[in-house]
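The structure under discussion appears below in the form of structure tokens.
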Amino acid sequence: LAKTTQPISMDSYEGQEVNITCSHNNIATNDYITWYQQFPSQGPRFIIQGYKTKVTNEVASLFIPADRKSSTLSLPRVSLSDTAVYYCLVGPRTGTASKLTFGTGTRLQVTL
Amino acid sequence: GAVVSQHPSWVICKSGTSVKIECRSLDFQATTMFWYRQFPKQSLMLMATSNEGSKATYEQGVEKDKFLINHASLTLSTLTVTSAHPEDSSFYICSASGLAGEGPSTDTQYFGPGTRLTVL
């Protein structure tokens with residue numbers, strides 16, 4: 001499974017857009033990029049998944065350049081409740097038989 | 001949809017006793033469930049892959065005789081920590097994904113809320 005590198009922590013003010021970049025230089029052709037959010041003492045929650053270019057849902061956007069060696073999770077107008085750890089995962093589509101390997105994650109702290 | 005539950009949410013036990021943790025997919029069937037362990041301020045570490053009707057596959061370094069996994073149905077997997085010791089104290093999380101072609105997307109793993117185990 002491709003290894004990922006993310007910033008250990010980030011700080012933001014409420015209302016700002018937050019971009020978290022993940023490096024995955026060894027991504028394979030059939031690998032997808034998936035982001036999860038985890039609050040303290042809770043299980044991770046799926047945020048978004050993509051293969052290339054841009055994916056957007058009601059929560060976030062995921063930008064993937066053509067070489068797919070990195071990706072950026074964009075959270076628009078964060079609020080205090082977005083304070084959490086965000087994990088970038090790279091691997092086969094997270095289906096039935098696919099193991100997930102979690103990296104260190106990025107601890108996002110949102111303040112007023 | 002796509003809800004995964006765990007029971008209990010927390011448990012405290014004495015050293016040497018065994019503890020069973022249940023993971024259920026409430027509104028979909030899951031042929032595969034995964035068990036993770038997470039220590040404070042650390043990332044999730046995969047312990048084992050649980051397949052319905054067959055033996056679990058354990059990650060390197062995880063003792064299969066200590067962490068017994070049973071996946072007897074398409075909606076239930078259990079993790080039993082046998083002869084628990086204080087170093088087994090951790091946050092245990094399961095995940096599951098749906099069967100191809102039905103229910104929630106099979107492209108996503110859904111995680112349970114976790115079980116906090118404290119061994120005294």
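Note that these values count all heavy atoms, side chains included, but never hydrogens, waters or copies made by symmetry. Keep in mind the model is a prediction, meaning the values are calculated, not measured. Here is the naming used below: chain letters follow the sequence lines, and residue numbers restart at 1 for every chain.
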Roughly how far, to the nearest 0.5 Å, is [atom2] of [Y] from [atom1] of [X]?
{"X": "B:Lys41", "Y": "A:Arg107", "atom1": "NZ", "atom2": "CZ", "answer": "4.5 Å"}
{"X": "B:Leu44", "Y": "A:Tyr87", "atom1": "CG", "atom2": "OH", "answer": "5.5 Å"}
{"X": "B:Ser9", "Y": "A:Gln42", "atom1": "OG", "atom2": "CD", "answer": "11.5 Å"}
{"X": "A:Phe102", "Y": "B:Gln38", "atom1": "CZ", "atom2": "CD", "answer": "8.5 Å"}

Hydrophobic clustering (ILVMFWY, side-chain heavy atoms < 4.5 Å, transitive) - are [Y] and [X] grouped together?
{"X": "B:Ile69", "Y": "B:Leu76", "answer": "no"}
{"X": "B:Leu68", "Y": "B:Ile21", "answer": "no"}
{"X": "B:Val119", "Y": "B:Tyr36", "answer": "no"}

Worked check of ring pair (Phe, Tyr, Trp, His ring centres under 6.0 Å) between B:Phe111 and A:Phe46: CA-CA 8 Å; B:Phe111 285 80; A:Phe46 172 85; over 10 Å; no
Candidate pair A:Thr101 and B:Met45, rule side-chain contact (heavy atoms from CB on, under 4.5 Å), full reasoning: CA-CA 7 Å; A:Thr101 301; B:Met45 291 183 59; over 6 Å; no
How about [X]: does its [atom1] atom have over 12 heavy atoms from other parts shown lying under 6.0 Å from it?
{"X": "B:His7", "atom1": "NE2", "result": "no"}
{"X": "A:Ile8", "atom1": "CD1", "result": "no"}
{"X": "B:Lys55", "atom1": "NZ", "result": "no"}

Relative to chain B, which of A:Ser41, A:Pro40, A:Pro44 shows the most heavy atom pairs under 4.5 Å?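 Heavy-atom pairs under 4.5 Å are most numerous for A:Pro44.
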Given a strict heavy-atom distance threshold of 4.5 Å, which part of B:Gln42 is in contact with chain A: side chain, backbone, both, or neither?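 B:Gln42 touches chain A through backbone heavy atoms alone.
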